[in-house]
Amino acid sequence: MKKNLLLTAAFCASLFANETSAQTRYLDEVFTSVTVTSNVVYGNNLEVLTGAPVATDLLMDVYEPAGDMLTDRPLILYLTTGSFLPRYINQSATGSKTDSAVVEMCSRLAKQGYVVAAVDYRKGWNPASTVQDTRTETILQAVYRGLQDSKTCVRFFRKDVATNSNSFGIDDTRIAVGGQGSGGYISLAYGSLDKLSEIQLQKFYNFTSGAYMVDTAMLGDFSGLGGNAALNTPNHAGYSDDVLMTFNIGGAVGDSTWIEAGEMPIVTMQGQADFFAPFQYGIVTVPGTGGFVIDVSGSSDISRMQEKFGNNDVFKTPAITDVYTTRANDFNTANDATYGNAGDEGLFAFEGAANGNGPWEWLDTAATKAEAAAWGQDGDVILGNFYAANPVFEYLYENVGYAAARARAIAYCDTIQGYLSPRLYRGLLEQPFSVEEFSATEISVYPNPATDQIAFVSEDSNPISSILFYSLEGKVVRT
């Protein structure tokens, strides 16, 4: 009963608006600092980074608002980028849970009151193969392993709630999964890939080997359960890995047919001129590949499919109105003849070639060179690749200074946070709430909605002992 009453308290917090601050938890940064628990092991599975399967701990960093009193906070999984290879090995300065933008976004979301997990997942594929089927198969399998790992992570948290006294203080009924770059491929698959037929399309057939590229009998199912023990180790079986919504910052969906009616809401953000993943339908480009990898559908296609099926209608009523939404809608309307996204909800396009590939990233040159050298990589090459994808950062860094270059990246993080936050709030805090969450044999709440009075009535079999009302800052304001 305690859990249900806390949900009700959050729902009714507006009744006591005079006892809360002007800021709203989960919409605004109501905390000034975060605590981070680094390298939490959420599972162990077989990685193929070196070609042969090797058992590898799956790690995450967990961000929590410092000094928070609540213990039933929504959870966000934030999946990192990196082209499915480790940072520096992938010839890039990004690809870790400690990337600048990952730390920034996880910290911001935690300051809004969420628990946020920066999640690493298994890496490994063969981008340099001269055989197209091999390139396509190995990257598809890399996405598939990342999907399994992200579901393993969700189950880890639910198991922690059930068996370890909820050590991270989450509400395991309110979970979102998001990803940046290659992590966006995984988060999009999380919300849409749920049928064997969806990975048995002709584009996913290896004509060289004469078999589909993802064999669930060998690799395990979508949740990472089953499969051949030499290729997959199930983790936390018996717990649900369902979530309420996903979001992506870059990335793409393996095929637009994956998105069907009745699937979860998606907030999709991408550079209109993204060099690595198409904004509409096109070819994935990965540095160091031997040519064509795979064709996919980016944010424009995703948004059109979501609109067609009404999957994002939760964001429409009441309408979200802020400067970020206005900017997104203006772009979608002005470019409707090209992309066909006028009227879509949940799509934010970063306009222009200079902003297509990650203007939210930044780095320190000396530190990057030193870390690259420690990995046996040429720091100048790594920086050159980073600058090629982020040319304005290079210009500002070289001509104005590090502070100005970083400030521009931070401004893009502002935009991501500004567009994402009200939709996370809608998808995790508002949309899921209904009287259906309360068993008819447990509690009745009326009227709904309420203005100045509200009644809670419980059955004799499960009586209410107390009701606690929390302010939006997490303080008990009435009992």
Side-chain angles (χ1 to χ4, degrees), residues 42-43 45 47 49 58-63 75-87 89-90 92-109 114 116-125 139-154 175-193 222 224 241 243 245-254 258 264 266-271 274 276-277 284-287 293-294 296-299 302 348 350 357-361 389 412-413 416-417 420 424:
Y42 68 86
N45 214 325
E47 189 172 60
L49 184 61
L58 305 174
L59 304 177
M60 63 179 172
D61 295 343
V62 181
Y63 293 70
L75 170 68
I76 299 172
L77 267 58
Y78 195 101
L79 306 167
T80 63
T81 189
S83 302
F84 300 100
L85 292 169
R87 182 168 59 184
I89 298 298
N90 62 10
S92 172
T94 59
S96 167
K97 57 186 172 62
T98 58
D99 288 348
S100 58
V102 173
V103 173
E104 180 70 17
M105 291 309 305
C106 290
S107 297
R108 286 172 178 240
L109 291 167
Y114 294 101
V116 189
V119 182
D120 268 345
Y121 45 89
R122 286 173 289 170
K123 308 295 198 300
W125 69 293
I139 198 169
L140 185 64
Q141 290 180 358
V143 176
Y144 192 75
R145 286 189 292 270
L147 171 63
Q148 293 176 322
D149 293 348
S150 59
K151 292 195 171 190
T152 290
C153 191
V154 170
I175 303 176
V177 175
Q180 179 185 322
S182 51
Y185 287 88
I186 299 171
S187 66
L188 287 165
Y190 204 118
S192 60
L193 182 58
F222 298 121
D241 46 43
V243 301
M245 64 177 290
T246 68
F247 64 90
N248 65 288
I249 308 162
V253 67
W258 289 5
M264 65 186 66
I266 300 172
V267 181
T268 183
M269 297 166 279
Q270 186 180 5
D274 192 331
F276 302 111
V284 172
T285 301
V286 179
V293 179
I294 194 172
V296 295
S297 286
S299 289
I302 293 163
F348 191 101
F350 296 95
N357 303 313
W360 42 83
E361 301 278 8
Y412 277 87
C413 292
I416 294 169
Q417 182 183 28
L420 179 61
L424 282 173

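One is the number of the first residue; the rest follow in order along the sequence. Everything numeric in this text was worked out from a predicted model, so none of it was measured.
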Using the test side chain to side chain donor-acceptor pair (under 3.5 Å), find all partners of Lys97 that sit at least two apart in sequence or belong to another chain. Asn39, Asp61
Once side chain to side chain donor-acceptor pair (under 3.5 Å) is applied, do any residues pair with Ser96, and if so which ones, sequence neighbours excluded? Thr98
Measure from the side-chain N and O atoms of Gln180 to the backbone N and O of Ala101, and report whether any donor-acceptor pair falls under 3.5 Å. no
For Tyr185, all residues meeting ring pair (Phe, Tyr, Trp, His ring centres under 6.0 Å), sequence neighbours excluded: none
CD1 on Ile186 to CG on Leu79, rounded to 0.5 Å: 5.5 Å
Using the side chain to side chain donor-acceptor pair (under 3.5 Å) criterion, which residues pair with Tyr114? Sequence neighbours excluded. none
Just to verify, what does Asp149 make a side chain to side chain contact (heavy atoms under 4.5 Å, CB included) with, not counting sequence neighbours? Tyr42, Asn45, Leu58, Tyr121, Arg122
Who are the salt bridge (charged side-chain N to carboxylate O under 4.0 Å, His left out) partners of Glu104, not counting sequence neighbours? Arg108
Verify, without hydrogens or angle tests, whether Asn90 (side chain) and Gly82 (backbone) share a donor-acceptor contact under 3.5 angstrom. yes
Sequence-distant partners of Leu193, side chain to side chain contact (heavy atoms under 4.5 Å, CB included), two or more places apart: Leu147, Ala189, Glu198, Ile199, Phe222, Trp258
State, yes or no, whether a side-chain contact exists between Leu85 and Leu49 at a heavy-atom distance under 4.5 Å. yes
With a 3.5 Å distance limit and no angle check, can you tell me whether Asp274 reaches the backbone of Ala277 through a side-chain donor-acceptor pair? yes
Student check: side-chain heavy atoms of Gln141 and Trp125 closer than 4.5 Å: no
Residues two or more places apart in sequence or in another chain: which of them pass ring pair (Phe, Tyr, Trp, His ring centres under 6.0 Å) with Phe247? none
Set of residues satisfying side chain to side chain contact (heavy atoms under 4.5 Å, CB included) with respect to Ile89, sequence neighbours excluded: Pro86, Trp375, Gln377
Mind checking what makes side chain to side chain donor-acceptor pair (under 3.5 Å) contact with Thr152, not counting sequence neighbours? Arg155
